[in-house]
Amino acid sequence: MERTLIAVEPDGPDWQVRIDHYAVARHVERADAIAQATEMARACHASIGVPTGVRLSMGCGDNVLVGACG
């Protein structure tokens with residue numbers, strides 16, 4: 001199954017939310033960025049039915065799936 005991922009990535013000392021390489025929110029706290037991305041993933045899944053998720057980029061370079069819808 002293919003899943004559309006909304007990324008939460010470091011942005012200097014802050015964090016950003018990215019969809020398909022486009023920043024949709026910048027300069028936010030990590031918890032706020034995760035909350036915004038999760039809400040976007042829920043809304044996307046509810047409106048078009050595509051499986052979505054939130055990918056958190058860790059400082060060590062690893063990526064972690066922190067939320068999934070569908």
(request) With the side chain counted from C-beta on, respond yes when Pro10 and Ser57 share a heavy-atom pair under 4.5 Å apart, and no when they do not. (result) yes
(request) Answer yes or no: is there a donor N or O on one side and an acceptor on the other, between the side chain of Arg3 and the main chain of Cys69, under 3.5 Å? (result) yes
(message) Is there a continuous path of hydrophobic side-chain contacts, each under 4.5 Å between heavy atoms, that joins Val24 to Ile6?
(response) yes
(request) State the CG-CD1 distance between Leu5 and Ile19, to the nearest 0.5 angstrom. (result) 11.0 Å
(message) Taking Val54 as the starting point, is it possible to reach Leu56 by hopping between hydrophobic residues whose side chains are less than 4.5 Å apart?
(response) yes
(message) Checking the side chain of His45 only, and the main-chain atoms of Val50 only, is there a donor and an acceptor separated by less than 3.5 Å?
(response) yes
(request) Under the salt bridge (charged side-chain N to carboxylate O under 4.0 Å, His left out) rule, collect the residues that match up with Glu39, sequence neighbours excluded. (result) Arg42
(message) For the CG atom of Asn63 and the CD atom of Glu9, what is their distance to the nearest 0.5 Å?
(response) 8.0 Å
(request) In sequence, state the C-alpha distance, the side-chain angles, and the governing distance for Val8 and Val66, and then conclude on side chain to side chain contact (heavy atoms under 4.5 Å, CB included). (result) CA-CA 10 Å; Val8 176; Val66 294; over 6 Å; no
(message) I'd like to know if Ile34 and Met58 are part of one continuous hydrophobic network [Ile/Leu/Val/Met/Phe/Trp/Tyr, side-chain heavy atoms within less than 4.5 Å].
(response) yes
(message) Could you walk me through whether His27 and Gln16 satisfy the side chain to side chain contact (heavy atoms under 4.5 Å, CB included) test, starting with their C-alpha distance in whole Å, then the side-chain angles of each, then the deciding distance to 0.1 Å, before giving a yes or no?
(response) CA-CA 6 Å; His27 309 297; Gln16 65 180 333; over 6 Å; no
(request) Check side-chain hydrogen bond (donor to acceptor under 3.5 Å, both in side chains) between Arg26 and all other residues, then give those that pass, not counting sequence neighbours. (result) Asp11
(request) Provide the closest heavy-atom pair for Ala33 versus Val28 in the form atom of the first, atom of the second, distance. (result) CB-CG2, 3.5 Å
(request) Might you point out which heavy atoms bring Ala37 and Val17 nearest each other, and give the distance in Å? (result) CB-CG1, 4.0 Å
